[in-house]
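One structure is given here, and the rest of the page talks about it.
FYI, side chains are in, hydrogens and waters are out, and symmetry mates aren't considered; it's all heavy atoms of this structure. Since the structure is predicted, the reported quantities are computational estimates derived from the model, not experimental observations. All chains are named by letter (A, B, ...) in the order of the sequence lines, taking the proteins before the strands, and each is independently numbered beginning at 1.
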Protein chains: 2
Amino acid sequence: MINVKKEGKLTIRDIAALAGVSAGTVSRTMNGQAGVGQETRLRIQQIIEEHRFQVDPTARMLSTGRSQTLAVVFPLHASEVVMHPIYPALLGALGDAAERAGYDILLLTQSAEKAAHVVDTVVRRRVDGVVLPAAGPRDPLIKELTGIGAPTVLIGHRTNREGVGWVDSDHDSAAHDLTRLMLDTGRRELVLLNGPAHVSACKLRSAGFWKCVKAAGDAVTSAREVRVPFDTDAATAEALKILSGPSRPTGVVCGSDTIAAGVMDAAHSLGLRVPDDVAVTGFDDRSFAARTTPTLTTVRMPLDEIGRTAAQMLFAMISGGPAPRKVILSTEIILRGSTPAREL
Amino acid sequence: MINVKKEGKLTIRDIAALAGVSAGTVSRTMNGQAGVGQETRLRIQQIIEEHRFQVDPTARMLSTGRSQTLAVVFPLHASEVVMHPIYPALLGALGDAAERAGYDILLLTQSAEKAAHVVDTVVRRRVDGVVLPAAGPRDPLIKELTGIGAPTVLIGHRTNREGVGWVDSDHDSAAHDLTRLMLDTGRRELVLLNGPAHVSACKLRSAGFWKCVKAAGDAVTSAREVRVPFDTDAATAEALKILSGPSRPTGVVCGSDTIAAGVMDAAHSLGLRVPDDVAVTGFDDRSFAARTTPTLTTVRMPLDEIGRTAAQMLFAMISGGPAPRKVILSTEIILRGSTPAREL
DNA sequence: CTATACAACGCAACCGGTTGCGTAAACCGG
DNA sequence: CCGGTTTACGCAACCGGTTGCGTTGTATAG
């Protein structure tokens with residue numbers, strides 16, 4: 001289909017002919033292998049440069065089995081998940097890092113827990129490494145990928161499985177700091193309205209919350225944790241109960257911005273003022289967080305850094321070099337109107 | 001790197017041996033070409049099925065020059081653009097359609113107007129077709145891609161250039177309908193606070209707005225159009241002038257949700273009630289549109305359908321068949337609180 | 001001064017499909 | 001029953017790199 005302009009169709013043998021050597025020598029030169037004289041090497045490099053020769057990745061792929069390709073796997077149809085705006089940012093950073101390293105990115109979709117198609121594509125396309133930005137820690141795909149020896153990196157989940165790398169945000173500290181913020185602004189009755197227990201990020205946030213509460217001792221009057229889905233309406237319903245019940249909290253730390261939005265809705269409909277009567281925080285810094293009333297204090301993930309780190313981790317794994325296989329990156333608290341200005 | 005399990009490593013020659021024919025015959029069978037006897041064909045298909053043989057796309061790629069790959073090109077670093085949440089949805093639909101057709105998707109990033117790298121990758125990777133979801137109509141990349149004969153589909157921009165397909169939302173009608181909505185709810189003093197003039201979608205929205213205004217005749221008391229960047233703060237500044245000036249509009253149709261958010265901010269700070277004093281509409285149905293105060297009436301693009309259509313268009317172009325090369329898909333108005341409930 | 005070790009390359013066989021061409025067998029009408 | 005087509009298939013040369021092995025020439029050691 002694609003018409004390659006004739007004169008651009010240089011092959012390695014053409015270069016070899018121009019340099020008066022064999023194709024093998026050109027190949028060795030390009031790959032920096034030994035067995036080529038200094039003088040010959042320079043001459044070949046000169047000619048390559050001059051003619052802007054580029055190796056055909058397909059041919060190389062066929063003979064080496066490597067492809068200079070990274071795959072990123074997304075769940076299909078899981079719209080609630082894929083739509084999460086962290087992905088564009090992640091993809092951008094990944095793509096950037098990949099391009100810089102001469103890799104291309106293949107976008108795979110995983111239909112309904114069926115690992116087969118993804119594994120298949122990885123093998124047949126000779127994908128060098130795989131990023132799983134949305135796989136649960138128990139996803140069978142992980143085992144299958146490591147089974148075939150594919151370097152794999154998880155994003156947003158932690159695992160102890162051998163041969164799998166991961167990079168995650170420091171949910172623990174972030175939740176701790178938010179809780180700390182509540183206490184520092186005089187909130188002593190706290191609720192953590194967390195996301196589902198099966199989401200590992202939520203477990204970590206829970207840990208951070210409780211660690212801060214424990215450490216605060218008498219500074220906190222009451223503290224409890226409630227789980228809801230990542231859903232504004234469900235959060236509203238739950239928050240209505242919490243905010244109208246006995247021992248009304250003065251600070252609600254939420255497991256996501258969507259949940260926080262629900263809490264603020266509930267507060268408004270009960271006539272409570274945010275943050276005066278009840279302070280609220282979210283997680284993720286979704287675009288609407290800057291547009292709620294009041295604007296939402298939340299946590300921003302270092303998406304750029306996560307993407308870059310995942311790519312670099314994969315490169316290290318591909319080349320077999322030593323590298324950190326587990327990375328936790330710190331987050332940033334975005335202070336807005338749903339928490340009181342720090343007092344004193 | 002990837003260890004293929006040995007027994008899975010069937011080649012076309014293995015199949016040929018099993019069927020007692022030559023590799024060429026197997027190849028012809030798989031590609032449905034003539035020159036194979038009915039009986040032989042069935043036997044070969046049987047064996048292929050039985051051993052779950054799959055062709056090696058890399059090898060095929062090398063010899064045919066086709067790759068069963070579609071590329072999607074995103075601008076790099078243009079964060080404001082890439083972050084736009086339409087992309088995840090688009091990618092999802094594209095990936096879905098591609099997978100169904102046995103294609104994979106390559107994600108390319110276009111660094112700063114440099115078409116070279118993208119074109120290079122398209123040629124070297126034998127990409128069969130390219131989707132440009134974020135290229136301006138004058139992007140040099142378009143010419144370069146058609147120059148090498150690569151089937152190309154634009155999303156969100158229309159062009160008359162030969163050999164380029166496009167699919168876009170019906171911005172014209174959407175703007176028309178929003179304007180109509182204003183009139184139907186008794187708003188006679190209108191402003192279109194549109195996005196930058198160089199964005200083709202904005203031109204179309206402008207056309208739709210004016211068409212409705214013209215058709216309405218005396219039903220509209222005043223109407224004008226102002227351009228601002230897609231930026232909430234800039235929109236707020238402009239809206240402050242518009243709303244506090246003489247002949248205050250009672251309806252503001254905005255070129256994007258971000259602009260609409262700015263207008264609502266301005267209205268609030270002037271003590272104007274939305275929608276009672278001034279009705280506001282947006283465009284895009286960004287996630288925050290459901291969370292502003294009041295919630296924002298806006299337009300939802302048929303992202304799924306756009307993605308699907310783009311993929312199908314590419315397939316048609318690849319196979320050289322006839323197909324619509326220009327598709328306009330209709331949008332959906334999401335009625336929320338920033339416009340009055342339809343009266344009467 | 002000869003035997004041995006390297007370094008620098010060429011050769012050719014891969015990698016796993018595709019395809020033009022040649023040939024033998026089956027088929028056709030007369 | 002024969003010459004001429006058609007059909008079914010094998011052969012081998014691609015596609016464009018990579019790589020193990022063999023050969024040559026030169027430096028080093030003995």
Side-chain angles (χ1 to χ4, degrees), chain A residues 1-4 6-45 47-48 51-69 102 120 123-126, chain B residues 1-4 6 8-45 47-48 51 53-69 102 120 123-126:
Chain A
M1 272 315 122
I2 313 280
N3 293 318
V4 178
K6 289 295 181 292
E7 75 277 14
K9 208 66 187 79
L10 281 180
T11 77
I12 204 176
R13 290 175 226 268
D14 295 328
I15 300 297
L18 288 171
V21 297
S22 76
T25 304
V26 176
S27 175
R28 284 179 246 269
T29 299
M30 297 196 340
N31 299 325
Q33 296 177 10
V36 183
Q38 186 64 10
E39 188 186 342
T40 316
R41 184 179 296 272
L42 286 174
R43 178 158 35 94
I44 292 176
Q45 283 169 339
I47 295 186
I48 287 177
H51 293 76
R52 307 201 181 296
F53 169 73
Q54 310 218 79
V55 294
D56 183 325
T58 305
R60 168 178 285 172
M61 211 181 298
L62 181 59
S63 61
T64 64
R66 267 158 286 132
S67 66
Q68 297 282 101
T69 300
D120 229 60
V123 170
R124 300 192 317 163
R125 292 227 120 138
R126 281 125 164 121
Chain B
M1 271 314 122
I2 314 278
N3 293 317
V4 179
K6 289 297 184 289
K9 207 68 184 82
L10 281 180
T11 76
I12 203 174
R13 290 174 225 268
D14 296 328
I15 300 296
L18 287 171
V21 297
S22 77
T25 302
V26 175
S27 175
R28 283 180 248 268
T29 299
M30 297 194 330
N31 299 325
Q33 295 177 9
V36 183
Q38 185 65 7
E39 188 187 342
T40 316
R41 184 179 297 272
L42 287 173
R43 177 157 37 95
I44 293 177
Q45 282 169 341
I47 296 186
I48 287 178
H51 293 76
F53 169 74
Q54 311 217 79
V55 293
D56 183 325
T58 306
R60 170 178 283 174
M61 210 182 300
L62 182 59
S63 61
T64 65
R66 267 159 285 131
S67 66
Q68 297 283 99
T69 299
D120 232 58
V123 170
R124 301 193 316 162
R125 294 242 160 182
R126 275 110 166 139

Touch class at under 4.0 angstrom, heavy-atom based, for A/Gly37 against every strand present: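 Sugar-phosphate only.
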Sugar-phosphate, base or nothing in reach of A/Thr40, heavy atoms under 4.0 Å: sugar-phosphate
Candidate nucleotides [options], ranked by approach to the side chain of [X] - the nearest:
| X | options | result |
| --- | --- | --- |
| B/Ser22 | D/dG10, D/dA8, D/dG17 | D/dG10 |
| A/Thr25 | D/dG16, C/dG10, C/dT18 | C/dG10 |
| A/Val55 | D/dG17, D/dG10, C/dT18 | D/dG17 |

Atom-to-atom span, CE of A/Met61 to C1' of D/dG16 - whole angstrom: 12 Å
Integer-rounded Å distance: D/dG16 P and A/Asp56 CG: 7 Å
Donor/acceptor link under 3.5 angstrom from B/Arg13 side chain onto base of C/dG17: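 When only heavy-atom distances are counted, B/Arg13 does reach the base of C/dG17 through a donor-acceptor pair under 3.5 Å.
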Polar side-chain contact B/Arg28-D/dG10 base: donor and acceptor under 3.5 Å: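 Donor-acceptor pair under 3.5 Å: yes.
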A/Ser27 vs D/dT18: side-chain N/O to OP1/OP2 distance below 4.0 Å: yes
Rounded distance (nearest 0.5 Å) linking atom CE of B/Met30 with atom CD1 of B/Ile48: 5.5 Å
5'-most by nearest nucleotide on DNA chain D - B/Leu62 or B/Val36: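 In this pair, the answer is B/Val36.
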Along DNA chain D (nearest heavy atom to each residue), the more 5'-positioned of B/Ala34 and A/Thr11: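 The answer here is B/Ala34.
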